[in-house]
**Student:** 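Below you'll find the structure I mean.
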Amino acid sequence: MDTEQLSKRMLEFIETQNGDYDEEWYASRRDFAAVILSDFAEHLGFVLDVPPYVRVRDKPEIDRNEMLKALLPDVERLFDIHLDRKSTRL
């Protein structure tokens, strides 16, 4: 396998990694793969030109307020409490 084929396979692998959601607060799986494989390519003596990634975020945003309102009756029943909606006291 020559460096051109290896470079192509490395870029294909990087594209399979999720770039929309960060594994850590600072980077996604795609970011980690790009850095590691770029460093490895440099070690082998060639430059791996990884194109920049534009985040897609194809998962819908969650309305947390509506979700919590839907869960409130079950939480009240589970803990045998009732939330006073006017003063927000238990």
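Quantities reported herein were computed from a predicted structural model and do not represent experimental measurements.
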**Student:** Quick one: pull up CZ in Arg29 and OG1 in Thr16 and give me the separation to the nearest 0.5 Å.
**Tutor:** 8.5 Å

**Student:** Taking side-chain hydrogen bond (donor to acceptor under 3.5 Å, both in side chains) as the definition, give me every residue that meets it alongside Glu12, ordered by chain and number, with sequence neighbours left out.
**Tutor:** Lys8

**Student:** With Glu42, which residues qualify under side-chain hydrogen bond (donor to acceptor under 3.5 Å, both in side chains), at least two apart?
**Tutor:** none

**Student:** Taking side-chain hydrogen bond (donor to acceptor under 3.5 Å, both in side chains) as the definition, give me every residue that meets it alongside Asp80, ordered by chain and number, with sequence neighbours left out.
**Tutor:** none

**Student:** For Glu15, check salt bridge (charged side-chain N to carboxylate O under 4.0 Å, His left out) against everything at least two apart and list the hits.
**Tutor:** Arg30

**Student:** The criterion is side-chain hydrogen bond (donor to acceptor under 3.5 Å, both in side chains); which residues satisfy it with Ser28, sequence neighbours excluded?
**Tutor:** Asp31

**Student:** For the backbone of Ala34 and the side chain of Ser38, can you confirm whether one donor and one acceptor N or O come within less than 3.5 Å of each other?
**Tutor:** yes

**Student:** Test question: given the 4.5 Å side-chain rule for I, L, V, M, F, W and Y, name all other residues clustered with Val50, or answer none.
**Tutor:** Met1, Leu6, Met10, Leu11, Phe13, Ile14, Leu37, Phe40, Leu44, Phe46, Leu48

**Student:** Yes or no on side-chain contact (heavy atoms from CB on, under 4.5 Å) for Asp39 and Val35, after CA distance, side-chain angles and deciding distance?
**Tutor:** CA-CA 6 Å; Asp39 290 349; Val35 168; 3.9 Å; yes

**Student:** Could you list the residues that satisfy side chain to side chain contact (heavy atoms under 4.5 Å, CB included) with Glu66, not counting sequence neighbours?
**Tutor:** Asp63, Lys69

**Student:** Looking at residues at least two apart in the chain, or sitting in another chain, which of them share a salt bridge (charged side-chain N to carboxylate O under 4.0 Å, His left out) with Asp74?
**Tutor:** Arg77

**Student:** Going by the rule side chain to side chain contact (heavy atoms under 4.5 Å, CB included), which residues pair with Asp49 if we only count those two or more places apart in sequence or in a different chain?
**Tutor:** none

**Student:** Who clusters with Val47? Use side-chain heavy atoms, under 4.5 angstrom, across I, L, V, M, F, W and Y, and order the result by chain and number.
**Tutor:** none

